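Worksheet for the structure shown next.
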2 protein chains.
Amino acid sequence: MPPDEAENRSDPGALTRPQPDNDDVNFDIIELLFFAYRDFISDPDAILSKSKFGRAHHRVVHFVNRRPGLTVADLLETLKITKQSLARVLKQLIDSGYIHQVAGHDDRRQRRLYPTQKGRELAMELARPQSRRIAKALRDIDPGGQAAIRQFLKGMVDPQ
Amino acid sequence: MPPDEAENRSDPGALTRPQPDNDDVNFDIIELLFFAYRDFISDPDAILSKSKFGRAHHRVVHFVNRRPGLTVADLLETLKITKQSLARVLKQLIDSGYIHQVAGHDDRRQRRLYPTQKGRELAMELARPQSRRIAKALRDIDPGGQAAIRQFLKGMVDPQ
DNA sequence: AAAATATGTCAACAAAGCTGACATATATGG
DNA sequence: CCATATATGTCAGCTTTGTTGACATATTTT
């Protein structure tokens with residue numbers, strides 16, 4: 001008799017044993033990623049909760065700060081959201097003076113996005129606690145281990 | 001004259017240089033975490049898009065499968081969401097026969113949650129592509145590097 | 001000149017979070 | 001035993017951030 005069947009006999013429909021890692025699945029890293037990301041975004045979220053902006057604004061101001069001059073299309077590709085979804089938050093950031101847009105030099109249909117000084121400061125303020133968390137997590141990990149971490153994270157990303 | 005001021009002279013309000021890592025911030029790992037997580041959740045999302053469930057259901061069925069018998073309070077603490085938010089998705093999972101609840105043995109106010117066979121199968125189906133992605137990212141990383149990755153992810157999580 | 005492209009915008013909707021208020025069952029402490 | 005605390009459920013309404021579909025405008029490409 002398979003173990004689950006015996007289990008079900010005493011408690012119909014309810015599997016009572018924990019589900020451990022097995023050949024197919026790597027539950028522990030799945031969970032570590034969930035917990036790490038959950039707390040990683042809690043830092044900027046706490047700061048943003050006192051402002052009129054949210055997570056979506058954070059992402060936009062982050063990437064505009066990191067890659068000044070990117071186009072709207074670049075940003076959509078990076079964030080993997082629709083232009084209507086981006087439009088809402090981008091408009092608020094532009095209207096509030098955090099981001100500045102300029103028609104493209106070669107292709108004047110493009111809107112190239114740049115942070116203002118205020119935008120750069122916001123991006124930095126939000127990045128700081130996240131960086132502190134990362135620094136703490138990397139402390140006591142040797143250079144080889146740190147390289148492995150970067151390689152792993154890169155390997156998790158879809159090609160392109 | 002500070003460099004940003006000179007920059008602003010020719011292009012008012014727009015900082016045009018990329019923002020590199022510096023002492024305060026570790027932008028590259030911040031971004032790697034964003035991209036890794038973005039694609040990590042895209043696998044189960046694609047499967048769920050053909051069902052009546054979403055990400056929130058995934059999280060619930062995952063943790064119930066991993067820790068059968070956890071209480072509603074445990075789950076709230078793990079997910080860090082409100083009970084009203086959990087109630088919506090949990091009810092749907094119970095009504096559809098993915099999760100089963102039982103009054104606590106000692107404390108009968110508690111509702112202990114268990115996966116049904118169907119629930120366990122869903123959790124596994126959603127975990128499988130994520131595990132494949134993880135396995136691929138870990139391939140070519142030696143045991144020491146893999147230990148560093150686990151240590152890093154654990155270090156990113158808030159204590160408790 | 002026609003077609004394609006980059007962007008913006010309107011409207012409606014869905015998922016998943018939130019707050020506040022209140023109900024019920026059960027446990028616990030005096 | 002009663003009063004209070006706790007675990008859970010539920011109603012109502014709101015917010016943020018995602019989605020589709022349709023259509024407008026400016027500019028580039030063919």
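Predicted model, so just to flag it, every value in this text is computed and none were measured. Protein chains get the first letters and strands the later ones, always in sequence-line order, with residue 1 at the start of each. Side chains included, hydrogens not; waters and symmetry mates left out as well; all remaining heavy atoms used.
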Practice task
Treat each ILVMFWY residue as a node, draw an edge where side-chain heavy atoms are under 4.5 Å apart, and state whether B:F35 and B:I29 are in one component.
Solution key: yes
Problem - Short side-chain N/O contact to D:dT16 OP1/OP2 from A:H57, under 4.0 Å - result: no
Exercise for the section: Measure the distance from CD on B:Q84 to C1' on D:dA7 and round it to the nearest whole Å. Expected result: 13 Å
Exercise for the section: Rounded to the nearest angstrom, tell me the gap between atom NE2 in A:H105 and atom P in D:dT28. Expected result: 11 Å
Problem - Euclidean distance, atom CD of residue A:Q110 to atom C1' of D:dA26 [Å, nearest integer] - result: 13 Å
Completion exercise
Rounded to whole Å, CZ of A:R108 lies from C1' of D:dT25 at a distance of 14 Å
Exercise for the section: Please state how far atom CZ in B:R88 lies from atom P in D:dC11, giving the value in whole angstrom units. Expected result: 13 Å
Practice task
Hey, which sits more toward the 5' end of DNA chain D by its nearest nucleotide, B:D107 or B:K91?
Solution key: B:D107
Practice task
Taking B:S96 for its side chain and B:Y98 for its backbone only, find out whether a donor-acceptor pair lies under 3.5 Å.
Solution key: no
Handout entry: Touch class at under 4.0 angstrom, heavy-atom based, for A:D106 against every strand present
Key = sugar-phosphate
Handout entry: Carboxylate-amine/guanidinium proximity below 4.0 Å for B:R67 and B:D74
Key = no
Handout entry: Cluster check B:F63, B:L122: I/L/V/M/F/W/Y, side chain < 4.5 angstrom
Key = yes
Practice task
Round to the nearest Å and state the distance from A:R111 atom CZ to D:dT25 atom P.
Solution key: 15 Å
Problem - Between B:F152 and A:F152, ring centroids under 6.0 Å - result: no
Exercise for the section: May I ask you to say what B:Q92 touches in the nucleic acid, namely base, sugar-phosphate or nothing, with a heavy-atom cut-off under 4.0 Å? Expected result: nothing
Handout entry: Note: B:R133-A:D158 ion pair, threshold 4.0 Å (strictly below)
Key = yes
Ignoring hydrogens and angles, write down the donor-acceptor pairs under 3.5 Å from the side chains of residues 85-95 of chain B, residues two or more places apart or on other chains.
| unit_1 | atom_1 | unit_2 | atom_2 | d |
| --- | --- | --- | --- | --- |
| B:K91 | NZ | B:D95 | OD2 | 3.3 |
| B:Q92 | OE1 | B:H57 | NE2 | 2.5 |

Handout entry: Selection: residues 40-56 of chain A, any non-hydrogen atom under 4.0 Å of DNA chain D
Key = A:G54, A:R55, A:A56
Problem - Between D:dA7 (P) and B:L76 (CG): distance, integer Å - result: 11 Å
Practice task
Look at the side-chain heavy atoms of Ile, Leu, Val, Met, Phe, Trp and Tyr, link any pair under 4.5 Å apart, and say whether B:V102 and B:L76 land in one connected group.
Solution key: no
Practice task
Report the distance from atom CZ of B:R38 to atom P of D:dG18, rounded to the nearest whole Å.
Solution key: 13 Å
Exercise for the section: Examine D:dT17: is either OP1 or OP2 under 4.0 Å from a nitrogen or oxygen in the side chain of A:S85? Give yes or no. Expected result: no
Practice task
Ignoring hydrogens and angles, state whether a donor on the side chain of A:K80 or B:S42 is under 3.5 Å from an acceptor on the partner side chain.
Solution key: no
Practice task
May I ask you to say what A:R59 touches in the nucleic acid, namely base, sugar-phosphate or nothing, with a heavy-atom cut-off under 4.0 Å?
Solution key: sugar-phosphate
Handout entry: Range on DNA chain C touched by chain B - first to last nucleotide, heavy-atom distance under 4.0 Å
Key = C:dA16 to C:dA27
